[in-house]
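Hydrogens, waters and symmetry mates are skipped; everything else that's a heavy atom, side chains included, is used.
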Amino acid sequence: MKKEINKLSKKIILIDPPGWVGGLNTGLEYIAAMLRKAGHDVKVIDFNNNPYRINERLSSVEGADIVGISIKSFIVEENIIQAKDILKI
């Protein structure tokens, strides 16, 4: 059986920026799972646990319909800088 393609499907990128403490952002993963279940193409970029090749990994943002960033209040200034960099892509 062929999987039906949802014409309203979006390419969505969710970003977990670097933080002070490593660990999985379960909230972002729950959101990603629900979006996938709804038929969207979702990619999570985890800079918190893997802070390498930032520019290369951010290039996947190009062509995305929606980009979401998890904001951590204790590093909000760094999150704002990263959001501005993403807007340039």
Is the side chain of Asn49 donor-acceptor paired with the backbone N or O of Gly23 at a distance under 3.5 Å, no angle test?
-> yes
Give the cluster check for Val61 versus Ile69: same hydrophobic cluster or not, with ILVMFWY residues linked at side-chain heavy-atom distances below 4.5 Å.
-> yes
Is Ile13 linked to Ile71 within one hydrophobic cluster, defined over Ile, Leu, Val, Met, Phe, Trp and Tyr using a side-chain heavy-atom separation of less than 4.5 Å?
-> yes
Rounded to the nearest 0.5 Å, what separation is found between the CG atom of Asp65 and the CD1 atom of Ile12?
-> 7.5 Å
Side-chain donor or acceptor of Ser9 paired with backbone N/O of Gly39 under 3.5 Å = yes
Using a 4.5 Å cut-off on heavy atoms from C-beta on, say whether the side chain of Arg57 contacts that of Asn50.
-> yes
Nearest 0.5 Å, what's the NE2-NZ distance between His40 and Lys11?
-> 14.5 Å
Which value, rounded to the nearest 0.5 Å, describes the distance between Ile31 atom CD1 and Met34 atom CE?
-> 10.5 Å
Using a 4.5 Å cut-off on heavy atoms from C-beta on, say whether the side chain of Ser60 contacts that of Ile45.
-> yes
Roughly how far, to the nearest 0.5 Å, is the CD1 atom of Ile15 from the CG atom of Asn25?
-> 12.0 Å
Indicate yes or no: at least one non-hydrogen side-chain atom of Leu28 is less than 4.5 angstrom from one of Val44.
-> yes
Give a yes or no on whether Leu35 and Leu24 share a hydrophobic cluster (residues Ile, Leu, Val, Met, Phe, Trp, Tyr; joining criterion: side-chain heavy atoms under 4.5 Å apart).
-> no
Any link between Leu14 and Ile80 through a network of hydrophobic side chains (Ile, Leu, Val, Met, Phe, Trp, Tyr) touching at under 4.5 Å?
-> no
